[in-house]
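One structure is given below, encoded as structure tokens.
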Amino acid sequence: MPAYITTPIYYVNDRPHIGHAYTTTVCDVWARAMRLRGEDVFFLTGTDEHGVKVEKSAAAKGVTPQALADENAAEFQRVLKVFGLTNDDFIRTTEPRHEKQVQYFVKRLLDAGSVYLGTFEGWYDEGQEEYYTETRAKELDYKSPISGRPLTRATEQNYYFKLSSFQKQLEDFFAANPDFVQPAARRNEVLGRLRDGLQDVPVTRTNFTWGIPFPGDEKHVIYVWIDALFNYITALGLGEPGGALATERAKYWPAAYHVIGKEILWFHAVIWPALLMALELPMPRRIHAHSFWIADGQKMSKSMGNFVDLPTIEGYFAKYGLDAWRWYMATQGPLQASDSDFRAQHFHETYTSDLVNVVGNCPSRVTAMINKYFEGKMPADSQAGGEWPTKCAAAVAQWNAAIDELDLVGAAQAAMGLLREVDAFIHRTEPFKLAKDPARAEELCSILAQCAETVRIAGVLLEPFLPAKMAELRVALKQDDGAPLSKRVAWGGLAAGTVLDKCALFPRLEA
RNA sequence: GCCGAUGUAGCUCAGGUGGUUAGAGCGAGGGAUUCAUAAACCCUAGGUCGGCGGUUCGACUCCGCCCAUCGGCACCA
């Protein structure tokens, strides 16, 4: 089954920070999990490079917008490498392949009558070259917040998208697809706003030029948001039917899972589906809008200067390793409706209690006993696994169900639960005592074989989260990673006699 | 201002069509033990379940009001 996982494309006017890292890491864990199951995954990320902000930043720096975009896009790509992310493509909105297709789609919207030329009238700040909404203008007492000069009433011709005409169709779609927007709290927000009624939205601007020219009326450029949304299908070549890209990738639409931050929900949950409806393209499967990281109880903001930035993140890599970072992102992050607090102490505690004490320690004690009592050779199990094959199968089922729902915490818990059960089993059966009694050797063999095999299976389930460390575990257990999940989690993968190395995966660290 | 949510142990959160001693994980304190990364294991939380009022034999669970926090309110990438 094809599966298409996307991050938002990141605005090149920003520097990479924890927000970008988080979304991309979540998608990466998910993509790896799906690939592990043998699904045909296409994982996309990229950069959004047009718009007035980029134009202005570039002018301030005395470079062309393209040069600025090139530089910052390269930085985002470098970061992906540092994070070990496994995206299958990286799309940039200034690439010809994207621009051409966006023009094709916009032309189609125009031809279909879904886009029309209209007049916009509003409160305009001449100094800032910006329009304000009525509410905002009133708040500002109809004066520019920067210059203090009165706002003027200005009109502008823009092309509009007939969002309003999709009201009914959207309502029906949401009713028929209750899981389309996740989590439920976000869906309710969308439904609430939808009830207030939809207005048409402008899809072009004329007050700057750094954008894709509107086909047939080139003093207009396509508004960045519209430009950006189309990346999800231009990357698949849907705007060039029959083209090389489409031949290879069209199969991934509509199996799309858009993972986004909650700040851009409206565009993805309403405008994007409406655009697709207008183009008569099928809807993506799901929009998952996660929440935000806050830092030490404080909202992160540019003005506060308290973003967890790249140097900070790289500090965590240096101390705890990349896998520990992924673990913290995936299991402690704001994937549901409320924000998560990023705290150094919490990071350390999570590392110690999950990774050192369980994921590290459990394989360590099992491999140590096998080394001590059997010279490292996997003992034979005369009990054919006892209850463990059933337990493992249940954990795998739980893991699969969680992955289906992008429930990374649930998937992690399914795997961790197995290791905790192994710990409890060792506590209960006391193999280290049986080892002193030659009459109970057979029992000892079974216990340790069952432990080792369960550790192996739990390790497979943890691979999407901890790819580097679970690769170490595989080496210690003399396994390879070629086969699909169902085969790899089948009971009995560790043959008797296989020499298992002692392993210590996560070193204990000082806070 | 409008719409919507949340407020339960130090922290993060479960929970209940109202009914004896309100739960988990983590942290903290204590214990016992050694196969292991002083790890796994056992014991310990006296938290007015945000406040006030109402309904009720009885509310943390229902209703009202209030307070606090958070999210959304469209041209913002």
Side-chain angles (χ1 to χ4, degrees), chain A residues 8-14 47-54 93 120 122 130-133 135-136 138-139 156 158 160-161 163 184-186 188-193 195-205 211 223-229 261-267 270-271 289 291-292 294 297 299 332 336-341 343 345-346 348-350 352-373 413 416 419-420 422-436 444 447-448 451 502-509:
Chain A
I9 49 176
Y10 301 119
Y11 202 51
V12 284
N13 215 36
D14 290 335
T47 40
D48 180 11
E49 308 189 0
H50 290 123
V52 69
K53 286 189 187 173
V54 173
T93 57
F120 173 79
E130 267 186 87
Y131 282 92
Y132 296 113
T133 59
T135 333
R136 178 74 179 139
K138 198 170 175 183
E139 262 174 38
E156 190 175 304
N158 277 321
Y160 281 80
F161 172 56
L163 182 61
R186 296 275 98 87
N188 290 340
E189 271 174 29
V190 173
L191 291 179
R193 272 182 75 182
R195 271 194 295 275
D196 292 342
L198 294 171
Q199 292 173 25
D200 292 349
V201 291
V203 295
T204 62
R205 311 307 301 261
Y223 183 49
V224 269
W225 253 112
I226 303 302
D227 169 0
L229 283 168
K262 63 185 176 182
E263 81 281 14
I264 54 178
L265 178 60
W266 185 250
F267 293 92
V270 174
I271 296 176
S291 304
F292 296 149
I294 58 176
K299 190 178 268 193
Q332 304 296 321
Q336 298 305 313
S338 50
D339 295 347
S340 295
D341 198 3
R343 283 179 296 127
Q345 191 193 341
H346 188 224
H348 184 81
E349 286 170 3
T350 303
T352 302
S353 63
D354 289 351
L355 300 181
V356 177
N357 293 353
V358 179
V359 182
N361 187 58
C362 179
S364 168
R365 65 197 305 206
V366 170
T367 54
M369 281 189 273
I370 290 174
N371 271 269
K372 197 160 179 175
Y373 310 142
Q413 277 173 348
M416 291 283 281
L419 296 178
R420 290 184 198 279
V422 168
D423 277 332
F425 184 59
I426 292 171
H427 176 251
R428 198 166 61 242
T429 58
E430 301 181 308
F432 41 89
K433 286 188 181 163
L434 298 183
K436 293 171 185 161
L444 175 66
I447 289 167
L448 289 182
C451 288
K502 271 168 83 166
C503 62
L505 298 171
F506 293 95
R508 186 165 301 277
L509 296 171

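Protein chains get the first letters and strands the later ones, always in sequence-line order, with residue 1 at the start of each. All values below come from the heavy atoms of this structure, side chains included, with hydrogens, waters and symmetry mates left out.
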Worksheet entry | Residue closer to the 5' end of RNA chain B, I264(A) versus K502(A) (nearest nucleotide) |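 Closer to the 5' end of RNA chain B: K502(A).
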Any base atoms under 4.0 Å from [X], or only sugar-phosphate, or nothing? Heavy atoms, all strands.
{"X": "R205(A)", "value": "sugar-phosphate"}
{"X": "E430(A)", "value": "nothing"}
{"X": "V356(A)", "value": "base"}
{"X": "G360(A)", "value": "base"}
{"X": "L198(A)", "value": "base"}
{"X": "L265(A)", "value": "nothing"}
{"X": "A368(A)", "value": "sugar-phosphate"}
{"X": "G197(A)", "value": "base"}
{"X": "Y10(A)", "value": "nothing"}

What's touching nucleotides 67-71 of chain B from the protein side, N or O pairs under 3.5 Å?
residue, atom, partner, partner atom, Å
G71(B), OP1, K299(A), NZ, 2.8
G71(B), O2', R186(A), NH2, 3.1
G71(B), O2', E189(A), OE2, 2.7

Item to complete: Ignoring backbone atoms, establish whether N357(A) has a side-chain N or O less than 4.0 Å from OP1 or OP2 of A40(B).
Response: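 Yes, N357(A) has a side-chain N/O under 4.0 Å of OP1/OP2 on A40(B).
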Worksheet item: To the nearest angstrom, how far is R365(A) atom CZ from A40(B) atom P?
Response: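 Taking atom P of A40(B) as the reference, CZ of R365(A) is at 9 Å.
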Discussion item. Whether the side chain of N361(A) and the base of A40(B) hold a donor-acceptor pair under 3.5 Å is what I'd like checked.
Written reply: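 Counting by modelled atom types and ignoring angles, no donor-acceptor contact under 3.5 Å is found here.
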